[in-house]
Amino acid sequence: MSRRLRDLLGVVPFLVFVGIFLVVPTLVVAIGAFLDEDNRATLDNVTALADGYIVQAFVRSIVLSAVTAILGAVIGALLGYALVTAKPDSTVRRVVTSACGVLAQFGGVTLAFAFMATIGLSGFVTLFLRDSLGIDIFSGGVWLYDLPGLVLVYTYFQIPLMVIVFLPALDGIRPQWREATESLGGSTWYYWRRVAGPLLAPAFIGSTLLLFANAFSAYATAAALVSQGSPIVPLQIRSALTSEVLLGRENVGKAMALGMVVVVAVVMALYAVLQRRTSRWLD
Amino acid sequence: MTTTAVSTGVAVRLEGVSRRFGTVQALDGLDLELAPGELVALLGPSGCGKTTALRILAGLEDADSGRILVGGKDVADVPVNRRDMGMVFQAYSLFPHLTAAENVEFGLRLRRQSAAARRRRAQEMLELVGIGTHASRFPQQLSGGQQQRVALARALAIQPQVLLLDEPLSALDAKVRLQLRDEIRRIQLEVGTTTLFVTHDQEEALALADRVGVMRAGRLEQIGLPEDIYRNPATPFVAEFVGLSNRFAGQLSASGVEVFNTLLPTLNAGSVEHGPVEVLVRPESIDLTADPLGDGRVVAVSFLGPLARVTVALPDETLVVAQVSSARLADLPPGTPVRVTLLPIPVVVSPSDQT
Amino acid sequence: MAGLVRRRARRQRVLRWVVVGVLSIVFLLPLFALLEFTTRGPGGKLSWDTWRLLVDWRQLSETYPVLWTGMKASFWLVLLSVALTLVLLVPTVVWVRLRLPGLRRLVEFLCLLPLTIPAIVLVVGLAPVYAWVVYFVGGSSVTLFLAYTILALPFAYRAIDTGLSAIDVRTLAEAARSLGAGWLTVMWRVVLPNIRSAVLSAAFLTVALVLGEFTIASLLSRDNLQVAINQLGKSSATISFAVSLAALVLAFVLLYLLSFVGRRRRRERSVS
């Protein structure tokens, strides 16, 4: 009995720390979403989510995340496939996976800057196209600092993330399966349609979901890039946190945050289910 | 037992096949012939080229030079998926998203057989390999031995011209290996498909094959009936690789080779210069007698059922491994002084500088 | 000979190089643009002045105090976050494996929870917690390491968990205990040396994460490298672009080195 107690003491520091800095903040959001400024229970914050501008922000966030997830997944899977045809210890593979790690997770402000330097008003490509080819990419308005710009920059970090999360599944495809298919008379196309395709499908869909969650949660790039308005949910939360104009906005922010958690949690749960299927086949 | 049609089998010929991977000469002018319906085992240490030979025959690798004839036709321009060869890999070759039956049906679906015909044939094949009751299981629900049975059924279902087995037993437990080995032979005889079996396990090759080819460095060192390979090894390499051999110093002359004051007939005297040589002697060619005046001393005994292996140390610290009937073990506990006698059975000699 | 197989291998190699090549160009273009932007001198001439300033620390701190503050804060944040992450996580994860296997699911759940809680959400809930942190230890930017440790948990946990899965901690510990070792010796002399590469990758991932963190620092109104870069971006774009590129390259170098650390582990796994 006392030994059991002593054993449990070993995890106390971890649990205390995680309790204060992870569980408490989560509860603050979850409970705060249902409190008014005087800490009385209310559903006002949650019903405020039905306001037109918040609904729109959620729709835009979801569309942005879905579009960039699908683009990133398709292109990233292609790049991943090109990489697994190289040996695991080859330099190409090492360099590309490291670069993907950086671009996928480090990005944020830097990526926003990089795109300003590329296709901003005085960007490298903008100037080149204007001066050399006479093409003005912003003739229809400066789209870089708005939703279309976000799609572009998000796709830029989604592709590398796809490479990272999809590579293990691609590595799990055994060369024997292709050889067996061929010795049984199947063509390359048949192999992709009947063997590799079905085997990779759960991993592909799962990775796409993860990409969706990643884009949905992203904040830094949008914060650095979008100068006017708050088109997507994370930026709405920012303005709810920082605005001092309206009292009680803070708890609407909590409700929006809770909404984000719900979306991400659902997506991640689906991801976990698909991941389990993948690991059964491809480990 | 089943209505499996016995195919007559085709002849396979490899003529002067070479293949180099970078700096490694995997195959160096390999010549090999399989008669229709014959099971030939290619035996050799890893890296000897046996798997390369099989993969070239399957169409999974290219040959740099040489010809491959299947049923008399050159197959160089036939891609792997048209070669019509059933292949069983070392492990993990079953499609994990398909059941055992669906795996077996895979090749039949490619041959556009009707669903009913496919199902019938798959069930028939699974019964042939002894797991008819597991048809709806997924590969990860099957043991390693059962998976290899399904793989065999899948390869045979398409009634291939040639069956290729690439170390199909090496990933299995010893007991399952023995069992499956015998079944592969039974099934192969039943369906009569010309079969190439690649292995590094000499016991497996000797037990299973019509003929055994021992490979070394991309070439056939010797090919022949299992008992020939064992009893009359053509080279020291074959003698050492197939079965256990003692290596003793001896003196080669025109009348034979002299070891431990005994003159023995040789199998390969013509290719070795007279003088000091090394002699390869099988444990069963050595007899031990408990003798207080003998100059050997038993140092270890290992019991192998009806037989036993006894290791004896000679005064010059040479170790001699002899095989005796287990009934005699009582007379030979460790420490017993013994006399070592060589039986007059032909042996292989090798130049003494060769390791 | 025909060489059907080799012809296909060649086609595959060409495809690989085309895909990797095209995407490399697309991906390097924005980074090249950053470099080009920071080397644009007066009159459109090439100038390395910005980069020269970047290595002249004293002048940099005088010219851009904001940047200097952010860099210093990030430096301490990296050190403290790595230290806290490792000190908190490694003993806990090992201990749970050895003595409290029943708690493994809970610890894993808690460690992976930050993946489903976006940083922007976490910061909403952290605001009141940090009010208390300020009350007890003050409002220095360096206190952010507490939040960053939470952000690093999923990545660090996975790295360490993979490392531990590759060895049989229980047997190792039992062997050491049977030879008379105490728990501290088991941890320090037996377990830790065997998961060195996992600990190293956890540390590297934490470094990269802290160097790139913006959301929490910005919304809690603290200073770190990324906040400073963002702030400067509005007034002196050139220097802030240069710093952000340098930080990106640094993170790449870290991860590239990490790929060599992970190699041994991968090979071991592929054998089993």
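A, B, ... follow the sequence lines: proteins, then strands. Residue 1 opens every chain.
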*Asks:* If every non-hydrogen atom of A:A220 is compared with every non-hydrogen atom of C:T215, which pair is closest and at what distance?
*Replies:*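 Closest heavy-atom pair between A:A220 and C:T215: N-OG1, 4.1 Å.
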*Asks:* C:S244 and A:T110: which non-hydrogen atoms are nearest, and at how many Å?
*Replies:*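 For C:S244 versus A:T110, the nearest heavy atoms are CB-OG1, 3.5 Å.
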*Asks:* Nearest 0.5 Å, what's the CD1-CG distance between A:I237 and C:L219?
*Replies:* 9.5 Å
*Asks:* If every non-hydrogen atom of A:V29 is compared with every non-hydrogen atom of C:G125, which pair is closest and at what distance?
*Replies:*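 Heavy atoms of A:V29 and C:G125 come nearest at CG2-N, 3.7 Å.
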*Asks:* Where on A:I119 is there a heavy atom nearer than 4.5 Å to chain C: the side chain, the backbone, both, or neither?
*Replies:* neither
*Asks:* Checking A:S122 against chain C: side chain, backbone, both or neither under 4.5 Å from a heavy atom?
*Replies:* both
*Asks:* Assess whether atom CG of C:L184 is packed by more than 12 heavy atoms of other residues, nucleotides or ligands within 6.0 Å.
*Replies:*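 Counting neighbours around CG of C:L184, 12 or fewer heavy atoms of other residues, nucleotides or ligands fall under 6.0 Å, so no.
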*Asks:* Using 30° and 60° as the class boundaries, would you call the ring planes of C:F214 and A:Y219 parallel, tilted or perpendicular?
*Replies:*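 C:F214 vs A:Y219 ring planes: parallel.
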*Asks:* Determine the minimum heavy-atom distance between A:L79 and C:V19, stating which atoms define it.
*Replies:* CA-CG1, 3.9 Å
*Asks:* Could you tell me whether a side-chain N or O of C:W95 sits under 3.5 Å from a main-chain N or O of A:V11, the two making a donor and an acceptor?
*Replies:* no
*Asks:* Answer with side chain, backbone, both or neither: which region of A:V233 has an atom nearer than 4.5 Å to a non-hydrogen atom of chain C?
*Replies:* neither
*Asks:* Flag the one option from C:K234, C:E213, C:Q12, C:R99 with the top tally of heavy-atom pairs under 4.5 Å to chain A.
*Replies:* C:R99
*Asks:* A:A224 versus chain C, heavy atoms under 4.5 Å apart: side chain, backbone, both or neither?
*Replies:*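 Both parts, heavy atoms under 4.5 Å.
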*Asks:* Kindly say whether the aromatic ring centers of A:F124 and C:F37 come within a distance under 6.0 Å.
*Replies:* no
*Asks:* Against chain C, label A:L210 side chain, backbone, both or neither, depending on which of its atoms sit under 4.5 Å from a heavy atom there.
*Replies:*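 Neither part; nothing is under 4.5 Å.
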*Asks:* Would C:C111 and A:F14 count as a side-chain contact (heavy atoms from CB on, under 4.5 Å) here? Give the steps.
*Replies:* CA-CA 10 Å; C:C111 285; A:F14 171 81; 3.7 Å; yes
*Asks:* Sort out for me which of C:P91, C:A247, C:A119 touches chain A most, counting heavy-atom pairs under 4.5 Å.
*Replies:*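 Max contact count across the listed options: C:A247.
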*Asks:* Measure across C:L34 and A:A114 and return the closest heavy-atom pair with its distance rounded to 0.1 Å.
*Replies:* CG-CA, 3.6 Å
*Asks:* Given that the side chain runs from C-beta out, which part of A:V92 has a heavy atom under 4.5 Å from chain C: side chain, backbone, both or neither?
*Replies:*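 Looking at A:V92, just its side chain touches chain C.
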*Asks:* Please confirm whether the backbone N or O of A:R94 pairs with a side-chain atom of C:Y256, one donor and one acceptor, at under 3.5 Å?
*Replies:* no
*Asks:* Less than 4.5 Å to any heavy atom of chain C: does that hold for the side chain of A:F216, its backbone, both, or neither?
*Replies:* neither
*Asks:* Are C:Y130 and A:P25 packed together at the side-chain level, in the sense that at least one heavy-atom pair is separated by less than 4.5 angstrom?
*Replies:*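 SC-SC contact between C:Y130 and A:P25 ruled out.
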*Asks:* If I compare all heavy atoms of A:P234 with all of C:I120, which pair ends up nearest, and what's the gap?
*Replies:*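 Smallest heavy-atom distance, with atoms named: O-CD1, 3.6 Å.
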*Asks:* So among A:V153, A:V125, A:T118, A:L152, which one has a side chain to side chain contact (heavy atoms under 4.5 Å, CB included) with C:P30?
*Replies:*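 Exactly one option meets the side chain to side chain contact (heavy atoms under 4.5 Å, CB included) with C:P30, and it is A:T118.
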*Asks:* Could you tell me which portion of A:L127 (side chain, backbone, both or neither) has an atom closer than 4.5 angstrom to a non-hydrogen atom of chain C?
*Replies:*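 For A:L127, side-chain heavy atoms alone lie under 4.5 Å from chain C.
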*Asks:* Which one, C:I117, C:V227, C:I229, leads in non-hydrogen pairs under 4.5 Å with chain A?
*Replies:* C:I229
*Asks:* Quick check on the interface: out of C:L110, C:V133, C:L113, who has the most heavy-atom pairs with chain A under 4.5 Å?
*Replies:*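 Between C:L110, C:V133, C:L113, the count favours C:L110.
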